[in-house]
Amino acid sequence: MAARDLKDLVKQLQNGNMSVFDDIYYETKNIVFYTILSIIKDYSASEDLMQETYLKALEKIHTYKPKGSFKSWIVTVARNLALNEYKKRKRELMIDPQTDEYIFGSTQSNSEQQLIIEEMLKKLKDKEQEIVILHVIGDMKHKEIAKLLNMPLGTVTWTYSEAMKKLKSDYESR
């Protein structure tokens, strides 16, 4: 779906047409989910936060300004919720240490795409994961990612390139 079409759907949603929500959801669900997963590394909690993201987005849809990218806006909502959850879990972990399973959660899935992404997450550093997910799954341009993550464009481009080299090298060594 073109960015223009997505903006039109969002405008309809802002005007109270709830019937377009499903289309918006299906267009943005992968980028939202994998952004959250890259931060908290817990599949089940990521699903919960994804639902919370869409509830918050519906609640705050009037604050979205059409001049910006809707994907960037909703990823920002998801990212903020995920970072808050991560900080909360980190505090809990410091109080009551658990095994590595608590930190990384259960990421079992039957979906081939999910398995591939989970393998990728293991090979890359956190920032690399986030940039690759935003670019590949979210179809965001490096410039948008740089703005979203508050990083220089050159750093985003270089980090993406290095991450792809790692993934390619790992794939070729199999």
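Note that the structure is predicted; figures quoted are calculated from it, not measured.
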With sequence neighbours excluded, tell me which residues meet side chain to side chain donor-acceptor pair (under 3.5 Å) with [X].
{"X": "Gln12", "value": "Asn17"}
{"X": "Lys65", "value": "none"}
{"X": "Tyr64", "value": "none"}
{"X": "Lys166", "value": "Glu128"}

Could you report the tightest heavy-atom contact between [X] and [Y], atom names first, then the distance?
{"X": "Leu13", "Y": "Ile24", "result": "CD2-CD1, 3.8 Å"}
{"X": "His135", "Y": "Met140", "result": "ND1-O, 2.8 Å"}
{"X": "Ile133", "Y": "Ser38", "result": "CD1-CB, 3.6 Å"}

Checklist entry - Taking it one step at a time, do His142 and Ile145 satisfy side-chain contact (heavy atoms from CB on, under 4.5 Å)? => result CA-CA 5 Å; His142 288 154; Ile145 296 169; 4.3 Å; yes

Checklist entry - Step by step, would you call Thr35 with Ile137 a side-chain contact (heavy atoms from CB on, under 4.5 Å)? => result CA-CA 9 Å; Thr35 295; Ile137 296 174; over 6 Å; no

Among the clusters formed by ILVMFWY side chains lying less than 4.5 Å apart, do [X] and [Y] turn up in the same one?
{"X": "Leu55", "Y": "Tyr25", "value": "no"}
{"X": "Met164", "Y": "Leu153", "value": "no"}
{"X": "Trp158", "Y": "Tyr160", "value": "no"}

Checklist entry - Please, which pairs that meet salt bridge (charged side-chain N to carboxylate O under 4.0 Å, His left out) have at least one residue in residues 137-163, sequence neighbours excluded? => result Glu162-Lys165

About how many Å separate [atom2] of [Y] and [atom1] of [X], when rounded to the nearest 0.5 Å?
{"X": "Leu37", "Y": "Glu47", "atom1": "CG", "atom2": "CD", "value": "9.5 Å"}
{"X": "Ile31", "Y": "Leu134", "atom1": "CD1", "atom2": "CG", "value": "4.5 Å"}
{"X": "Thr28", "Y": "Phe70", "atom1": "OG1", "atom2": "CZ", "value": "6.0 Å"}
{"X": "Lys7", "Y": "Lys67", "atom1": "NZ", "atom2": "NZ", "value": "10.5 Å"}
{"X": "Asp48", "Y": "Thr53", "atom1": "CG", "atom2": "OG1", "value": "10.5 Å"}

Next on the checklist: Do Met50 and Lys29 make a side-chain contact, defined as non-hydrogen atoms from C-beta onward lying under 4.5 Å apart?
Outcome noted: yes

Item to check | Side-chain donor or acceptor of Lys123 paired with backbone N/O of Leu167 under 3.5 Å | outcome: no

Checklist entry - Does Leu49 offer a backbone N or O that forms a donor-acceptor pair with the side chain of Glu85 under 3.5 Å? => result no

Checklist entry - With sequence neighbours excluded, what pairs up with Met151 under the side chain to side chain contact (heavy atoms under 4.5 Å, CB included) test? => result Lys127, Ile131, Leu149, Thr155, Val156

Checklist entry - Among all residues two or more places apart in sequence or in another chain, which pass the side chain to side chain contact (heavy atoms under 4.5 Å, CB included) test with Tyr86? => result Ile39, Ile40, Lys90

Item to check | salt bridge (Lys or Arg N to Asp or Glu O under 4.0 Å) partners for Asp126, two or more places apart | outcome: Lys41

Checklist outcome for this item: Sequence neighbours excluded, the answer for ring pair (Phe, Tyr, Trp, His ring centres under 6.0 Å) partners of Phe21 is Tyr54

Mind listing the side-chain donor-acceptor pairs of residues 73-84 below 3.5 Å, one per line with the distance, residues two or more places apart or on another chain?
residue : atom : partner : partner atom : Å
Thr76   : OG1  : Ser72   : O            : 2.7
Arg79   : NE   : Glu130  : OE2          : 2.4
Arg79   : NH2  : Glu130  : OE2          : 3.4
Asn80   : ND2  : Thr76   : O            : 3.3
Asn84   : ND2  : Asn80   : O            : 3.3

